[in-house]
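Single-structure report; data block below.
Proteins come first, then strands; the chains are lettered A, B, ... in the order of their sequence lines, and each starts at number 1. The shown structure was predicted, so the numbers you read here are calculated from the model rather than taken from an experiment.
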Amino acid sequence: MDIIFDTIYKIQSEVFHDHAVDLKRGTWLDPWAMGLVCLKAAEFKNQTNKQLILPSDANMLLYLKRMHLEQIFGEFTYKSFLKPLESIEINERENDNVCEIIHCIFRDELDARLGKINRMFLHFGLGEIEGSMTTSLVGELGNNVFDHNDGQWPTSVRGAIILAQVNPRQRRIEVVVADPGIGFKGSLAALSAPVKNDDLEAIKLGLSGVTGRIGEPRGQGLRIVQNWTINNFAGIVRIHSGSGLVIVDKNGLHAEPVFPIVGTLASFMVKYQ
Amino acid sequence: MLKFNTVLNGRPSAKEAASRIQQIVNGSAEREDVVLDFAGIEVLTPSYADELLRILRAKYGVDKVKTINTSEAVTETFNAVAALSKEAS
């Protein structure tokens with residue numbers, strides 16, 4: 001069973017149930033689904049009956065090992081469920097096209113990692129200009145995580161979780177930033193006319209440049225993420241925040257209600273030459 | 001700018017850099033331009049660019065603050081920030 005963007009919103013009750021993250025039947029996870037898995041694991045972290053059910057598929061376990069899943073799930077106190085991964089030994093240099101999960105707990109870590117992320121994009125095959133611009137987009141999404149959540153993290157998990165994957169055959173790179181924070185709706189709650197109960201409306205406002213950082217000249221970051229992704233890289237921007245999902249591409253904006261998460265998952269997919 | 005970092009990201013870092021630049025300039029802007037050299041900069045994020053230029057232009061004037069040796073990617077960042085600032089004003 002592929003657990004990917006195209007399937008996760010149909011099979012979510014099989015993957016996330018009873019405070020369990022259940023990957024048992026998983027044969028593939030894309031960065032979007034992995035981001036959701038990380039956010040749900042953070043959400044369930046303090047539940048006494050929480051569970052992580054690892055896949056039985058050996059290749060999938062190897063893939064999760066290469067992504068350093070046990071490191072972030074160890075931080076989220078799932079250590080007792082990680083034994084199948086801990087027993088695997090891998091050569092880290094076997095597949096350079098797989099990026100490990102990067103958890104930047106503080107802003108300084110994000111700053112420090114961007115240089116490495118830039119080099120990773122160059123290694124993936126992006127040119128210097130494309131790589132630099134793509135790294136800028138990661139920086140903008142990562143900055144937003146700290147700008148809108150510091151002082152307000154809803155759970156004991158904080159920071160930006162960054163995932164990236166290259167598809168060399170389709171010459172496509174997907175970058176996902178998972179944010180276990182207050183979400184678009186929470187961020188815009190500070191406005192004089194706050195968005196009451198609608199995550200979709202909040203995401204649309206955020207994408208249009210409206211910011212919860214009242215009185216500060218901000219709100220450009222997401223607009224540049226959209227402009228560059230769509231106009232420079234023929235790509236797609238996706239945002240899942242609370243119970244809303246918004247997708248923006250050259251054809252316009254598509255919005256639909258989906259299962260709820262604590263925080264926000266934002267991704268951009270770029271095509272390169 | 002290379003003396004700050006090769007990757008310039010985020011408003012907090014830009015505020016720090018702007019403060020330091022004001023100390024380095026130390027009054028000489030009355031006679032000379034403030035020239036920011038971006039040679040060797042690998043990544044410039046829009047939020048850094050916006051914050052840095054906003055602070056320095058407010059202090060010294062739009063015409064006094066100049067950028068040189070900007071790579072194509074850095075130029076794209078400045079252009080994107082300028083376009084959105086123009087739209088907002």
B:Leu84 and A:Arg223: CA distance, side-chain angles, deciding distance, side chain to side chain contact (heavy atoms under 4.5 Å, CB included) verdict: CA-CA 9 Å; B:Leu84 287 180; A:Arg223 296 194 60 196; 3.7 Å; yes
Grab the two heavy atoms, one from B:Ala73 and one from A:Met133, that are nearest each other, plus how far apart they are. CB-CG, 4.1 Å
When the 4.5 angstrom heavy-atom criterion is applied to B:Thr77 and chain A, the contacting part is both
Please indicate whether B:Lys59 has more than 12 foreign heavy atoms, meaning atoms of other residues, nucleotides or ligands, lying under 6.0 Å from its NZ. no
For B:Ser47 and A:Glu140, does a side-chain donor sit closer than 3.5 Å to a side-chain acceptor? yes
Working to the nearest 0.5 Å, report the span between OG1 of B:Thr6 and CG of A:Asn118. 8.0 Å
Contact origin within B:Val74 toward chain A - heavy atom pairs under 4.5 Å: neither
Residue pair A:Ser136 / B:Pro46, side-chain heavy-atom distance below 4.5 Å: yes
What are the two closest non-hydrogen atoms of B:Val81 and A:Gln220, and how far apart are they? O-NE2, 3.8 Å
Can you give me the closest heavy-atom contact between A:Ile224 and B:Ala80, atom names plus distance? CD1-CB, 3.9 Å
Does B:Lys64 NZ have over 12 foreign heavy atoms under 6.0 Å away? yes
Does any backbone or side-chain atom of B:Val43 lie under 4.5 Å from a heavy atom of chain A? Answer side chain, backbone, both or neither. both
Would one find more than 12 heavy atoms of other residues, nucleotides or ligands at under 6.0 Å from atom CG of A:Asn231? yes
Atom pair CD (B:Glu72) and CD (A:Glu130), whose distance is rounded to the nearest 0.5 Å: 10.0 Å
Which atoms of A:Asp108 come close to chain B, meaning under 4.5 Å heavy atom to heavy atom: side chain ones, backbone ones, both, or neither? neither
When rounded to the nearest 0.5 angstrom, what distance separates CG in A:Asn232 from CD in B:Glu76? 5.5 Å
Max heavy-atom pairs within cutoff under 4.5 Å with chain A, candidates B:Asn9, B:Ile41, B:Val7, B:Leu8, goes to B:Asn9
Using non-hydrogen atoms only, which part of B:Leu44 is less than 4.5 Å away from chain A: side chain, backbone, both, or neither? backbone
Measure the OG-CG distance between B:Ser13 and A:Asn143 for me, rounded to the nearest 0.5 Å. 8.0 Å
